[in-house]
Structure formats: C-alpha cells, structure tokens
Amino acid sequence: MNLPQFLAELESLSTEASASFGAAADAAALEAARIEFLGAANGRLKSTQKGLGAVAKEDKPAAGKRFNQVKSEIEAAFVAAQERLNSVGATKKEARQFDPTLPGDRLWLGRLHPITQTIEELKDIMARLGFSPADGPEIEDEYHNFEALNIPAEHPARDPLDNFYLSAAAKQEPGVGRQGSAGRPLLLRSQTSTVQIRVMEKTQPPVRIISLGRVYRPDAADATHYPMFHQMEGLLIDRQVTMADLKSVLRMFATSYLGEDVHVRFRPSFFPFTEPSVEADMHWHDRWIEFGGAGMVDPNVLRAVGYDPEVFSGFAFGLGIERLCMRRHGITDIREFYRNDVRFLSQF
Ligand code: PHE
C-alpha cells in the first residue's frame, strides 16, 4: 500500500465514522457504531492501522501522524454524540418529572401608580355626584392660564420666576417667551383652572366637570413640595348655584374619599377667579386638614367665556391630589411618589 492510498482510506474512515455517530438515535445505535469504528479487536480503525505496516519506510512518519489525527477526530465525534444523547435523555427525564398537581409559578403583575389609583377613585366619586371628566393641555398660553382667569398682566402670580415658561428669554420679561401658534408665549400650566376656561369656551351651561392632571411650579422639592404635582379641578355652572352647594359637594366628596362622615369648613381666602374665595378644610381623625382652594366663579371669568353673570353662577374648586393620597395612606414625603422605588410603589 502506498501513502496516497493509505491517506485516502483514513479520510473516508473519518467521514463515515462521524456520519454514523452523528446519526445514532439512541444509546444502542451509538454503541454499535462505536464497536464498528473504535472496537479494540475488529474495529475499522484498528484494521486500517494494520495497513500502516505496508507503507514505505520513508512515508511512515507522515502516515503515522495523519493516522493519529484521524483517531482523535473519530474519538471526539463519538464523545460529542454521547453528550448529545445524554442531554436528550435529561430533557426526557425532566419532562417525566413534571407534576401537574403542583401549584403553578407565580406571575408577578405590575400595578398602577398610587397617584393613578387615586385619580381613578376620585373620578368614580365625582361621577356619582354627576361630574364628568374633562381635559386640557399641559402646555398653555397666558390667556388660559392667567388672563381669562382674571389674573392681569401685572399680577404677581405671573412672575416668570414663579412659572415654567418655555424659554429662558421669557424669564426676563413676560410676553417674550417662545411663541404659541397665535404668537403668544407658552408655559407649563401652573393650575388646572385653565380647564375651566377651555370647557366653558366650548359649551353652554349647565356645566358640571372635573379635570385631573399635572401642574407645574418651580418649587424646590422637599417633603411637601415638588415642581410637578396633580390637581383635581371641579366646576359647576348653572342657575342659582350657591356656596351651600359648593360646601355640600365638597363634604360628600370628602366623606366618600375618607369613608367617614367628614365636616368641611371654609376659611376666607383670595383667588382672582373666584369671589368670594375660600380655603376648604376637612375634619378627619381629630385634625383639620387643608384640602384646597375654592369659591364662587368670578363674574369676570363668566364674562370672559361669554356667559351672562346675571343669569348663571357657579362654583369651582382645586384640590391637590398628592396631598389627599398622602393623608389617606400616611405618606409623609411627596418625593416618594416620583422616586420610582418599587419597594414603595408595590405597597399600593
Ligand atoms: N387654582 C387654585 C390653586 O391652584 C385652586 C382653586 C381652584 C381655587 C378653583 C379656587 C377655585 O391654588
């Protein structure tokens, strides 16, 4: 036998052996293939090795080297096949161990943010009192955030330092900020009272709406302040609405939210868009808790939206949603709501 013949024999042996090992579907087939190729007595590798003796002396080193390589290739193919069959066996065993009577893996569900939960609950309560939800933009113009609410240009509430105008230029001089479509400066709304105007512009009385959403004020964050928070605005316009109606709506609202008979008290206050204006407090667990501003809608506001103040009157209120949620759950720091720490959030 010459060298080329010997090498050709090795090549086909290697190919055939890995094909058989690769095709073995179970342990018995693999063992049969092992005996055929690697068998110590009559294996084909063994008999090929015998041919080595017939190769010319000077070709022996090359022939022997290739023989050893092919031997390791075939052994490696056998080990790989063995591993493949073992892992299939393991999966089958696992499948057999599946116990359908065991309880399933627990699925961890996400949950709604406590403020979202509060908003949904407030909407439910107010729906029972006949108020439907309304919305307005968070980016507002000065007309809806101030002017129509009877807050004139020189009013301190319009100080650019107390509002988030949409450009730095506006901070020096109101009216020079980024321009809205109608050429007016824009700001992040500082109160949901803007929605009163937006709704009344589009509808005729009677009006009975609430609006829940984000408002923005450049306050430094501490336990009770955050530059963004949520308010619930309420507005009711009809004929012969009085402050007694305001007080009873707030009392029914507070009683529903806190689940006990709650007394409401009014303290005189001032808002440009209500006259008279009050701060409303509720009595709960032996304490008076401030829950927001309210009052009878100022005739100037009614006129701004084209309502006749001789015919229609109404009340409005604005409550801080974080504050309500904090009171009810005993949360002491408003910043907890916005840290996104699941240890806090998962408690609600
Ligand atoms: N908009 C007022 C505030 O943000 C609250 C308010 C709303 C007062 C409606 C009176 C009537 O403080």
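Just so you know, ligand 1 is whichever comes first in the structure, and atom 1 is the first atom listed for that ligand.
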Nearest protein heavy atom to [atom], by residue and atom, and its distance?
atom                    : result
atom 1 (N) of ligand 1  : Gln191 OE1, 2.8 Å
atom 9 (C) of ligand 1  : Glu233 OE2, 3.3 Å
atom 8 (C) of ligand 1  : Gly293 C, 3.5 Å
atom 12 (O) of ligand 1 : Phe271 CE2, 3.8 Å

Checklist entry - In Å and rounded to the nearest 0.5 Å, what is the CD1 to CG distance from Ile210 to Leu235? => result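 Here the interatomic distance stands at 11.5 Å.
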
Per-atom contacts of ligand 1 with [X], taking only distances under 4.0 Å to non-hydrogen atoms:
X      : answer
Gln231 : 3 (C), 4 (O)
Ala294 : 8 (C), 10 (C), 11 (C)
Ala316 : 9 (C), 11 (C)

Item to check | Distance-only N or O hit between ligand 1 and Ser193, under 3.5 Å | outcome: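 Among all N and O atoms of Ser193, at least one is under 3.5 Å from an N or O of ligand 1.
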
Say whether [X] and ligand 1 are in contact under the criterion: heavy-atom distance to a ligand atom below 4.0 Å.
X      : answer
Arg217 : yes
Phe273 : yes
Gly292 : no

Item to check | Residue part near ligand 1, for Ser190, under 4.0 Å between non-hydrogen atoms | outcome: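 No part of Ser190 is near ligand 1 at this cut-off.
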
Checklist entry - So does Asp261 pair up with Arg251, basic N to acidic O under 4.0 Å? => result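 Looking at Asp261 and Arg251, the cut-off is met.
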
Checklist entry - Any salt bridge between Glu290 and Arg327, counting N to O under 4.0 Å? => result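 No.
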
Checklist entry - Would you say the side chains of Ser193 and Glu233 form a donor-acceptor pair under 3.5 Å? => result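 Yes, Glu233 and Ser193 have a side-chain donor paired with an acceptor closer than 3.5 Å.
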
Item to check | Phe344-Tyr226 co-clustered via ILVMFWY side chain contacts under 4.5 Å | outcome: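 Same cluster: Phe344 reaches Tyr226 through Ile, Leu, Val, Met, Phe, Trp or Tyr contacts under 4.5 Å.
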
Next on the checklist: With a 4.5 Å cut-off on side-chain heavy-atom distances among I, L, V, M, F, W and Y, is there a chain of contacts connecting Leu324 to Met326?
Outcome noted: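 Cluster IDs for Leu324 and Met326 match.
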
Checklist entry - When the ring planes of His113 and Phe337 are compared, do they come out parallel, tilted or perpendicular, using 30° and 60° as the limits? => result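 Ring orientation of His113 relative to Phe337: tilted.
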
Item to check | Arg111 charged N/C atom sitting above Phe348 aromatic ring, 6.0 Å / 45° | outcome: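 Ring-cation test returns no.
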
